[in-house]
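This report refers to the structure that appears directly beneath it.
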4 protein chains.
Amino acid sequence: MPTAALRKEESVEQAATTFAKDQLRAFVERIERLEEEKKAIADDIKDVFAEAKGNGFDVKAMRTVIRLRKQDADERREQESILETYMHALGMLA
Amino acid sequence: MPTAALRKEESVEQAATTFAKDQLRAFVERIERLEEEKKAIADDIKDVFAEAKGNGFDVKAMRTVIRLRKQDADERREQESILETYMHALGMLA
Amino acid sequence: MPTAALRKEESVEQAATTFAKDQLRAFVERIERLEEEKKAIADDIKDVFAEAKGNGFDVKAMRTVIRLRKQDADERREQESILETYMHALGMLA
Amino acid sequence: MPTAALRKEESVEQAATTFAKDQLRAFVERIERLEEEKKAIADDIKDVFAEAKGNGFDVKAMRTVIRLRKQDADERREQESILETYMHALGMLA
DNA sequence: ACTCCAATACTTTAGC
DNA sequence: GCTAAAGTATTGGAGT
């Protein structure tokens, strides 16, 4: 993180304020940039669905397939977490 | 992506089915890859908010600011005008 | 829904405005009342968890149990919905 | 809910376990009942919003108004002040 | 335009 | 008290 340049004309408080302002602006702009990227990817996804649809696939069914695959992936973590909870409840874990 | 080989043993219909299956798989995998990227960016955004919070900024206000910057001026005026009307109606303003 | 009383002193437009105002206020108050009730129930739920905890039960494990039971209930609807989607995709429905 | 009968054949430990089980079941069912009630009220709220919408009101603005009414004045001023500061810093105001 | 569903954001709660 | 996670509410987008 760059230090705030303290110009002669500024009081210490003004410098602090200026610094916070710049810092805030930097955070906001970083987030906005990331959100643009995210939006671009979301648009890409839409395009792929549209292309699939153009090739005769049922988009809703595709979404279901993708969702189920993701659930399968998530489920293991989930199951492990549940198991842990139970073992803890039964005093088998710390 | 390999093309669907039309083996001697396959009927034309089987080939078509195999092709559709491969094509579907390809679409699904492209989407899954894109969703992973999207997730990564979403995580980055979270990190930035966390960092901002660690520097003393109010995350909720930051979100508001970012939302407002995204709205165009007309839309914003529109919303504010409706809100004002309602607040008036409910005696929340002058 | 009660009609808006049109007082002699009011113009038609004022009456309309007054009516809308009263109507808005009525809607808002109905919602606020419902939200209070909802809050009260949420508090009751908290109390039950606290009581269970006081009787030596593990709250997190209880939440897990409740969530799983709810999933079982939801799952049937979900499975039916998925089945429908597939049947549709395969041209077996509508 | 029946109390746990302590049958001759049961050891004290078994009885304790049975009792705990029944007690747990009772807690879980109480919570599930309460959650159903909560859900019913949430649905009622949705209905009221839908009705308001059908009468030409802007649901989003209504939600905002309700949220603001819930905040106490101090808190509201606080939030507005932070927001203003941030908007200033980003050149969105004066 | 409107409904429905998925995604996001916010709030609350549990554990450290 | 703070961080991490769950649950809940709100928003936006896709399909009809």
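Just so we're on the same page: letters track the sequence lines, and every chain starts at 1. Fair warning: this is a prediction, and the values are worked out from it, not measured in the lab.
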Quick test of your reading of the model: are B/D74 and B/R77 salt-bridged, counting only N-O distances below 4.0 Å? yes
Rounded to the Å, how far apart are C/I45 CD1 and E/dT13 C1'? 14 Å
Between the side chain of B/Q71 and the main-chain N/O of B/L68, is any donor-acceptor distance below 3.5 Å? no
Between C/D43 and C/K39, is the closest basic N to carboxylate O distance under 4.0 Å? yes
Spacing between C/D47 atom CG and E/dT12 atom C1', to the nearest angstrom: 15 Å
Whole angstrom is fine here: how far is it from CG in C/D43 over to C1' in E/dT11? 14 Å
Would you mind building the protein contact string for nucleotides 6-16 of chain F? One character per nucleotide, 5' to 3', B for base within reach (heavy atoms under 4.0 Å), S for sugar-phosphate only, - for untouched. -SSSSSS-SS-
Counting heavy atoms not belonging to C/E78, are there more than 12 under 6.0 Å from its CD? yes
Going by the salt bridge (Lys or Arg N to Asp or Glu O under 4.0 Å) test, name the single residue among D/R67, D/R63, D/R69 that passes it with C/E32. D/R69
Given atom CD of B/E51 and atom P of F/dT3, what is their separation to the nearest angstrom? 14 Å
CD1 of B/I41 versus P of E/dA7: gap in Å, rounded? 16 Å
Would one find more than 12 heavy atoms of other residues, nucleotides or ligands at under 6.0 Å from atom CD of B/E13? no
